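Beneath this line is the structure, given in C-alpha cells, with notes to follow.
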Amino acid sequence: MALEELECLKRTCEKFKEEMIKITGEKDMRSRCYDVFVDYLEYFENILIMLQNVEKEKRKNWGGKASKQILVSLVSAIEYSMRKISEMYPGSPLYLRLKRNKNYSLREIIYASADLGIINRSLKKSLEDLIDLRNLIVHNNAISQSDGAKIIGDVTIKLKKNNSISITLKDLLGIIKTAIEIFHRWNVSLAMDKTRDYWFRRW
C-alpha cells in the first residue's frame, strides 16, 4: 500500500510540474523543483523495498529512521525551492518583504505569504506545524519538549513530553502529500498573480 501511495505521489509531482510549465511557459526552477521531490520519493521507495527483506525488528528501526530522514529532506527541498522561486520575482511584495533579511527562513516565507494572501491561514498553520516537527527531528533528536499535537492537513501527530515522536508510514505519506500540495498552491498563486507590475527574473 505504501509503495502504491508513493507512486501516486510521484505522479502528482509530474502533474504539478506539467501544470507549472503550462502556466509559466518556461521550464525553470518553478517546474524543475518537482523533479527533486520525485527523486526523494524514489529514494524512500527504494529503501522501503530493501527493508522488505530485513528482519522485523531492524525493519521497524531502520524504517523509522528513514521516515524521519525523508521528512527532513523534503521540507528542506521545499524551503530551498521557495527561496529560489521568491527570488524570481524581485519586485514582488513577497520578495520585497523577505529581502530585508538576507537569510530569511522557511517560517518567514510562510508568514509573509499568509500576510499577503498567497496562502490562507489554514495552510499557514499546517506548514508551521510541519516546520515544528522538522525542527524537533533535526535539533532535538525527535524528542518532544512538551505535550500537544501537530496537525498537517488531515494528519494529527500527538506529542508527549520527553518522548520520541511517533509517525506511522501512513501518516508520513499523508504529511508529505499535504506539504507538496500546499507548496504547489503557493507556487501557482505566485505565477498566476495577474495584477503584479514587477518583472520576472529567469534563472
Side-chain angles (χ1 to χ4, degrees), residues 6 8-45 67-120 122-135 137-138 152-153 172-193 196 198-203:
L6 279 168
C8 183
L9 283 171
K10 285 159 57 180
R11 289 194 297 271
T12 296
C13 286
E14 292 294 340
K15 182 184 75 173
F16 287 166
K17 175 184 175 180
E18 293 304 315
E19 185 178 348
M20 287 308 301
I21 291 172
K22 287 180 181 178
I23 291 171
T24 64
E26 302 280 351
K27 293 182 179 179
D28 54 31
M29 182 67 191
R30 294 170 294 178
S31 57
R32 290 199 304 267
C33 58
Y34 299 101
D35 292 331
V36 177
F37 303 159
V38 169
D39 284 344
Y40 280 119
L41 293 172
E42 287 183 342
Y43 169 72
F44 188 50
E45 184 177 35
S67 296
K68 289 168 183 171
Q69 180 189 43
I70 193 68
L71 182 60
V72 169
S73 296
L74 267 169
V75 174
S76 295
I78 286 172
E79 178 172 20
Y80 177 83
S81 298
M82 285 181 131
R83 287 175 62 91
K84 289 299 181 183
I85 291 169
S86 297
E87 292 167 6
M88 294 176 75
Y89 303 96
S92 70
L94 176 62
Y95 185 67
L96 290 174
R97 180 176 299 192
L98 292 173
K99 75 173 187 177
R100 298 171 191 168
N101 178 3
K102 184 175 285 188
N103 297 312
Y104 53 89
S105 66
L106 177 57
R107 198 181 295 273
E108 289 171 306
I109 297 174
I110 300 310
Y111 286 174
S113 296
D115 286 346
L116 294 167
I118 299 168
I119 59 172
N120 63 35
S122 174
L123 301 184
K124 174 193 172 189
K125 184 62 171 63
S126 283
L127 287 175
E128 283 183 287
D129 282 359
L130 178 58
I131 293 168
D132 288 343
L133 272 184
R134 188 272 302 267
N135 289 347
I137 292 170
V138 172
I152 301 100
L172 172 70
L173 295 176
I175 290 170
I176 290 172
K177 181 174 183 286
T178 295
I180 291 173
E181 287 176 346
I182 294 175
F183 167 81
H184 183 63
R185 290 174 69 171
W186 177 88
N187 198 9
V188 168
S189 183
L190 281 181
M192 293 288 287
D193 182 5
R196 66 177 185 265
Y198 44 90
W199 57 278
F200 165 72
R201 176 187 292 160
R202 287 182 174 83
W203 289 106

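The structure presented is a predicted model; accordingly, all values stated were derived computationally and were not measured.
The distance from atom CD1 of Ile78 to atom CD1 of Ile109, rounded to the nearest 0.5 Å, is 11.0 Å. To the nearest 0.5 Å, atom CE of residue Met82 and atom CG of residue Leu106 are 6.5 Å apart. We find the CD-OG distance between Glu19 and Ser31 to be 11.5 Å, quoted to the nearest 0.5 Å. Atom-to-atom distance recorded for Phe16:CZ and Ile21:CD1 is 14.0 Å, nearest 0.5 angstrom. To the nearest 0.5 Å, atom NZ of residue Lys99 and atom OG of residue Ser86 are 13.0 Å apart. For the atom pair Leu6 CG and Glu45 CD, the distance stands at 5.5 Å (nearest 0.5 Å).
Among all heavy-atom pairs drawn from Ser189 and Ile118, the shortest one is OG-O, 3.5 Å. Counting all heavy atoms, side chain and backbone alike, Tyr34 lies closest to Cys13 at CB-O, 3.6 Å. Nearest heavy-atom pair across Tyr89 and Ala191 is OH-CA, 3.6 Å. Closest approach of Ser126 and Ile152 over heavy atoms only: O-CG1, 3.6 Å. The minimum heavy-atom distance linking Arg134 with Ser76 is given by the pair NH1-OG, 3.8 Å. Closest approach of Leu123 to Asn120, counting heavy atoms only: N-OD1, 2.8 Å.
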>> One pair to check against side chain to side chain contact (heavy atoms under 4.5 Å, CB included): Tyr80 and Met29. What are the steps and the verdict?
In response: CA-CA 10 Å; Tyr80 177 83; Met29 182 67 191; 3.8 Å; yes

> What's the verdict on side chain to side chain contact (heavy atoms under 4.5 Å, CB included) for Ile119 and Arg185, showing C-alpha distance, side-chain angles and the deciding distance?
Replying inline: CA-CA 8 Å; Ile119 59 172; Arg185 290 174 69 171; 5.7 Å; no

> Should Glu128 and Tyr111 be marked as a side chain to side chain contact (heavy atoms under 4.5 Å, CB included) after you check the CA-CA gap, both sets of side-chain angles, and the distance that decides it?
Replying inline: CA-CA 9 Å; Glu128 283 183 287; Tyr111 286 174; 2.9 Å; yes

> Stepwise, does the side chain to side chain contact (heavy atoms under 4.5 Å, CB included) test hold for Ile176 with Leu41?
Replying inline: CA-CA 9 Å; Ile176 290 172; Leu41 293 172; 4.0 Å; yes

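More than 12 heavy atoms of other shown residues, nucleotides or ligands fall within 6.0 angstrom of atom NZ in Lys10. Around the CZ atom of Arg107, the shell of radius 6.0 Å holds more than 12 heavy atoms that belong to other residues, nucleotides or ligands.
Between Leu130 and Ile182 there is no side-chain heavy-atom pair separated by less than 4.5 Å. Side chains of His184 and Met20 form a contact here, defined as non-hydrogen atoms less than 4.5 Å apart. Between Leu74 and Phe183, every side-chain heavy-atom pair lies at or beyond the 4.5 Å cut-off. At a threshold of 4.5 Å between non-hydrogen side-chain atoms, the residues Leu190 and Ser92 do not count as touching. Here the side chains of Glu42 and Asp39 are in contact, with some heavy-atom distance below 4.5 Å. Side-chain atoms of Val75 and Glu79, non-hydrogen and from C-beta on, never get closer than 4.5 Å to each other. Inter-residue side-chain proximity for Met88 and Glu26 is flagged as unmet; no heavy-atom pair is nearer than 4.5 Å. The shortest distance between side-chain heavy atoms of Arg97 and Leu116 falls below 4.5 Å.
By the side chain to side chain donor-acceptor pair (under 3.5 Å) test, Ser113 pairs with Trp186, sequence neighbours left out. For Lys125, the side chain to side chain donor-acceptor pair (under 3.5 Å) criterion is met by Asp129, not counting sequence neighbours. Checked against side chain to side chain donor-acceptor pair (under 3.5 Å), Arg83 has no partners two or more places apart in sequence or in another chain.
Electrostatic pairing of Lys124 and Asp115 does not count as a salt bridge here, judged by no charged N lying under 4.0 Å from a carboxylate O.
Looking only at distances, a side-chain donor or acceptor of Glu108 sits under 3.5 Å from a matching main-chain atom of Ser105.
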